[in-house]
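Could you have a look at this structure, given as structure tokens, before my questions?
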2 protein chains.
Amino acid sequence: MQTIKDVAALAGVSDRTVSRVVNGEPNISSKTRARVEDAITRLNYIPNLAARMVRTNRSGVIGLITDVVSTTPNSVEIIRGVQDRVSQSNQSLLIANTSGASYEETRVWRTFQEHRIDGVLFATMYHHEIEFDPTVHNIPTVLVNCFASSADVPAVVPDDMNGGYAAARHAIDKGHARIAFITLNPLILAARLRREGFERAMAEAGLEVRHEWMLPGIEGAIGAERMRAFEVAKELLSTGPGERPTIILTGNDEIAMQCMFAAASLNLRVPEDIAIVGYDDFRMISERVVPPLTTVALPYYEIGSRAADRLFELLAGADNQPFIERLPCPLVQRGSA
Amino acid sequence: MQTIKDVAALAGVSDRTVSRVVNGEPNISSKTRARVEDAITRLNYIPNLAARMVRTNRSGVIGLITDVVSTTPNSVEIIRGVQDRVSQSNQSLLIANTSGASYEETRVWRTFQEHRIDGVLFATMYHHEIEFDPTVHNIPTVLVNCFASSADVPAVVPDDMNGGYAAARHAIDKGHARIAFITLNPLILAARLRREGFERAMAEAGLEVRHEWMLPGIEGAIGAERMRAFEVAKELLSTGPGERPTIILTGNDEIAMQCMFAAASLNLRVPEDIAIVGYDDFRMISERVVPPLTTVALPYYEIGSRAADRLFELLAGADNQPFIERLPCPLVQRGSA
DNA sequence: TTTTGAATTGACGACGTCGACAATTTGATG
DNA sequence: CATCAAATTGTCGACGTCGTCAATTCAAAA
């Protein structure tokens with residue numbers, strides 16, 4: 001492989017001059033620059049980042065740590081958001097997956113340290129609180145889709161409360177008064193936050209939250225959940241037209257989809273007989289069910305890109321106070337409500 | 001940051017000896033090794049990969065290039081498959097996304113070359129043929145979910161023909177004779193391959209492939225597709241019980257889901273009145289629809305891990321002939337057929 | 001105890017790049 | 001034409017690691 005010296009020899013200048021051209025430093029005569037650039041092209045010279053790194057002690061690489069990425073597709077959007085920003089700022093992205101195992105996590109951090117990574121994005125699949133001690137690794141870190149309350153670590157998360165509020169608001173604005181909510185597993189933080197938002201909107205509108213219409217669609221310990229939305233929805237809808245809810249808000253699009261199947265099994269039309277609102281906006285579901293789903297979008301792409309931006313700010317030395325940033329979850333209206 | 005020399009000083013040996021311990025080289029007395037390891041721990045020494053890289057000219061980093069990752073979640077599984085293998089073999093994974101733009105692709109390859117990447121995995125979202133000239137970049141490459149017929153480049157793809165065959169076989173084995181197939185966009189390679197497999201199974205069973213039961217569920221130019229599965233399925237099922245198909249095979253799980261909605265809108269029960277088979281096994285859909293979907297699984301995780309394995313073989317100098325490896329698509333039986 | 005071959009350890013320099021600073025060239029001014 | 005500051009280019013060495021090869025230590029055999 002060609003080195004900077006080969007280029008220098010061909011261009012008839014010193015290697016240092018080539019270095020200057022490559023790095024776009026000022027004070028190079030245009031004549032010299034042209035000759036060097038020509039030599040670079042002719043030799044197809046490509047700088048050796050490792051060597052530069054040894055010298056400058058900065059890697060230009062960002063690390064992304066994810067836990068169990070696999071089961072939900074959200075992560076792709078997060079990765080894409082990060083990726084776009086990273087490449088815009090001419091850095092590279094090293095990714096690693098812990099599979100949720102803590103010894104893996106140790107290994108991953110170690111690898112990142114060996115690479116002298118400039119900064120780390122630590123992303124989780126679920127929006128939840130984690131334990132994180134920034135002093136252990138000593139690499140600038142931004143948490144993504146999770147947060148640490150015990151220490152001041154920058155974090156970017158979705159505003160689930162806001163999303164729950166948006167869903168309820170939509171129902172109320174559409175004139176619904178009999179509103180049910182089939183939630184995520186109550187053990188999950190997002191479930192609690194979304195319900196809070198829901199309850200706030202209901203309270204603001206002077207509507208009563210009926211206990212028997214507020215039901216978990218997913219139950220069981222984390223890692224051993226059972227999806228019960230279909231049964232729950234069917235039960236909920238098996239009463240007379242004047243008794244049952246006119247709209248069901250749900251904890252995610254999968255639950256919403258099961259509600260649609262429950263409605264269909266009872267010969268109820270969506271949205272005429274029963275309106276349904278999802279959450280997450282997994283487009284594979286929300287755009288494909290019939291009718292398409294009105295749902296609250298989780299801004300995963302934005303979470304990823306914003307997290308990357310904040311990491312760059314951090315690296316640039318911006319002394320913005322560490323804080324948790326919540327991105328809004330906008331309602332996407334389609335046909336189901 | 002501590003260097004190998006700091007460790008050497010503390011342990012009272014030469015830096016070269018520390019290097020030997022770090023790299024697990026033989027012929028170190030256990031006494032010396034212990035002293036060095038102790039010093040490493042005490043100083044929390046972490047080797048500088050960049051420096052090692054300059055010296056050895058090997059990076060220990062694999063690059064993954066993806067095109068438009070975003071729209072389907074498959075890619076996550078591919079990434080996970082790759083990731084698992086890469087970390088098992090103690091390497092690192094650099095990922096980059098071209099967004100399908102060719103100038104981005106150029107930039108990405110360039111970045112990888114700057115990093116002196118050991119090898120590249122080039123993954124596409126759709127299973128399709130690409131143009132790829134391995135001599136341009138001169139980095140060992142394995143194609144993932146795509147292949148180049150113009151040159152001998154190793155590739156790992158799903159065996160779509162086999163999957164179409166498996167779906168048809170399942171239908172036939174279950175005693176169905178009136179079998180419909182709502183396909184992917186016929187412009188897509190996978191659509192053609194799956195149909196071929198379907199037709200082969202039908203021919204083997206002596207069953208006639210009825211033209212009017214072989215319909216595209218997705219139409220339009222690539223990038224501007226329209227999903228028409230619901231209408232197509234509804235039309236297909238709007239005939240008398242003795243006339244209509246008893247099972248619908250589909251091009252993917254989204255189409256299958258729309259078929260289920262079509263069936264529901266006609267008050268047909270799945271699978272009693274009409275059985276439905278999906279393709280892809282997007283578990284977010286296949287496990288959540290009611291009843292859960294019998295479907296053909298795309299082995300994305302295996303594609304990723306196998307591709308990584310083949311790349312490592314390539315790097316190890318195995319002169320296995322470049323060839324296209326097709327991984328089987330097994331049928332996953334659930335409730336819908 | 002000496003010999004000897006193997007095992008262990010160390011000295012030195014090179015990898016490709018860039019920072020620090022010195023040397024040279026340039027061009028405007030008197 | 002001499003002067004001088006600014007612009008441009010070059011020299012040298014260091015970054016942290018490991019390959020090469022030489023030096024030293026060790027242990028068993030003579």
Side-chain angles (χ1 to χ4, degrees), chain A residues 1-40 43-61 90 92 110-118, chain B residues 1-40 43-61 90 92 110-118:
Chain A
M1 176 103 357
Q2 312 294 349
T3 78
I4 210 169
K5 286 182 184 161
D6 300 317
V7 176
L10 180 59
V13 297
S14 75
D15 54 353
R16 194 62 188 76
T17 299
V18 176
S19 171
R20 277 189 264 258
V21 171
V22 168
N23 293 296
E25 291 177 30
N27 296 334
I28 297 277
S29 75
S30 52
K31 197 166 34 137
T32 307
R33 165 171 288 118
R35 239 198 0 271
V36 170
E37 279 169 350
D38 179 58
I40 287 176
L43 293 177
N44 188 29
Y45 164 72
I46 294 173
N48 184 330
L49 248 41
R52 176 178 300 169
M53 216 154 120
V54 170
R55 193 68 188 76
T56 63
N57 216 23
R58 304 204 71 234
S59 66
V61 179
N90 240 353
S92 299
R110 158 107 190 164
T111 304
F112 281 2
Q113 286 174 319
E114 289 178 346
H115 279 283
R116 301 296 191 265
I117 292 275
D118 291 335
Chain B
M1 177 102 348
Q2 313 293 349
T3 77
I4 210 169
K5 287 183 183 163
D6 300 317
V7 176
L10 180 60
V13 297
S14 74
D15 53 354
R16 193 62 188 76
T17 299
V18 176
S19 171
R20 278 190 263 258
V21 171
V22 169
N23 293 296
E25 291 177 29
N27 297 334
I28 297 277
S29 74
S30 51
K31 195 164 36 129
T32 308
R33 164 171 289 119
R35 238 198 2 272
V36 170
E37 279 169 348
D38 180 55
I40 287 176
L43 292 177
N44 189 29
Y45 164 72
I46 294 173
N48 183 331
L49 248 41
R52 175 178 300 170
M53 216 155 119
V54 170
R55 193 68 187 78
T56 63
N57 217 22
R58 303 203 73 235
S59 66
V61 179
N90 240 354
S92 298
R110 158 108 192 167
T111 305
F112 281 3
Q113 286 173 319
E114 289 178 346
H115 279 282
R116 302 295 192 263
I117 292 275
D118 291 335

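Within every chain, numbering begins at 1; the chains are lettered A, B, ... in the order of the sequence lines, protein sequences first and strands thereafter.
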Inset, instruction - Would you indicate what Val22(B) reaches in the nucleic acid, counting non-hydrogen atoms under 4.0 angstrom: base, sugar-phosphate, or nothing? - result: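 No contact.
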Legend entry - Which nucleotide in dT17(D), dG16(C), dC21(C) has an atom nearest any side-chain atom of Val54(B):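 Minimum distance to the Val54(B) side chain belongs to dG16(C).
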Inset, instruction - Let me know the distance between CD of Glu114(B) and C1' of dT17(C), rounded to the nearest Å. - result: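 The distance from CD of Glu114(B) to C1' of dT17(C) comes to 13 Å, rounded to the nearest Å.
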Inset, instruction - With the side chain counted from C-beta on, respond yes when Leu49(A) and Arg116(B) share a heavy-atom pair under 4.5 Å apart, and no when they do not. - result: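 A side-chain contact is absent here, since even the closest heavy-atom pair is not under 4.5 Å.
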Please list each protein N or O that sits under 3.5 Å from an N or O in nucleotides 6-8 of chain C, with the distance.
from   : atom 1 : to       : atom 2 : distance (Å)
dT8(C) : OP2    : Asn27(B) : OD1    : 2.9

Inset, instruction - Specify the separation, in whole Å, of atom CZ of Arg16(B) and atom C1' of dT17(D). - result: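 So the CZ-C1' distance, Arg16(B) to dT17(D), works out to 9 Å.
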Legend entry - Nearest-0.5 Å distance that lies between atom OG in Ser29(A) and atom CZ in Arg35(A):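 Rounded to the nearest 0.5 Å, the OG-CZ separation comes to 7.5 Å.
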Legend entry - Rounded interatomic separation in angstrom, taking CD from Gln2(B) and P from dT17(D):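 Taking atom P of dT17(D) as the reference, CD of Gln2(B) is at 11 Å.
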Inset, instruction - In whole angstrom, give the distance that lies between atom CD1 of Ile4(A) and atom P of dC15(C). - result: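 It works out to 14 Å between those atoms.
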Inset, instruction - Let me know the distance between CG of Asn48(A) and C1' of dC15(C), rounded to the nearest Å. - result: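 Nearest whole value for this atom pair: 9 Å.
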Inset, instruction - Under the side chain to side chain contact (heavy atoms under 4.5 Å, CB included) rule, what do Val61(A) and Met53(A) come out as? Steps first, then yes or no, please. - result: CA-CA 10 Å; Val61(A) 179; Met53(A) 216 154 120; 5.6 Å; no
Legend entry - Asp15(B) side-chain proximity, nearest of dA14(D), dT17(D), dT11(D):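 Within the option list, the nearest is dT17(D).
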Inset, instruction - Using heavy atoms to find the nearest nucleotide of DNA chain C for Glu25(A) and Thr17(B) separately, return the residue whose nucleotide is more 5′. - result: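 The answer here is Thr17(B).
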Inset, instruction - Determine whether more than 12 heavy atoms belonging to other residues, nucleotides or ligands lie under 6.0 Å from atom CZ of Arg58(A). - result: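 Open.
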Legend entry - N/O (side chain, Thr3(B)) to phosphate O (OP1/OP2, dG16(D)) under 4.0 Å: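 Result: no.
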Legend entry - Closest non-hydrogen atom pair between Pro47(B) and Arg52(B), with its separation: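 Result for this residue pair: CB-NH2, 3.7 Å.
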Inset, instruction - Between dT11(D), dG16(C), dC18(D), spot the one nearest the side chain of Ser14(A), thanks. - result: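 The answer is dT11(D).
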Inset, instruction - Looking only at non-hydrogen atoms, find the nearest pair between Ile4(B) and Tyr45(B) and report the distance. - result: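 Of all heavy-atom pairs spanning Ile4(B) and Tyr45(B), the closest is N-CE1, 3.5 Å.
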Inset, instruction - Quickly work out the Lys5(A) NZ to dC18(C) P distance and round it to whole Å. - result: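 Those two atoms, NZ and P, are 12 Å apart.
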Inset, instruction - Measure the distance from CZ on Arg58(A) to P on dC18(C) and round it to the nearest whole Å. - result: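 Rounding to the nearest Å, CZ of Arg58(A) and P of dC18(C) are 14 Å apart.
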Legend entry - Spacing between Asn23(A) atom CG and dA20(C) atom C1', to the nearest angstrom: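 Nearest whole value for this atom pair: 16 Å.
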Inset, instruction - Hey, which sits more toward the 5' end of DNA chain D by its nearest nucleotide, Arg52(B) or Arg20(B)? - result: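 Between the two, 5'-proximity favours Arg52(B).
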Legend entry - Side chain proximity check, Ile40(B) to Gln2(B), heavy atoms < 4.5 angstrom: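 When only atoms from C-beta onward are counted, Gln2(B) and Ile40(B) do not touch, as no gap falls below 4.5 Å.
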Inset, instruction - Can you figure out which of dC18(D), dC21(C), dT17(C) approaches the side chain of Arg55(A) most closely? - result: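 Nearest to the side-chain atoms of Arg55(A), counting from C-beta on, is dT17(C).
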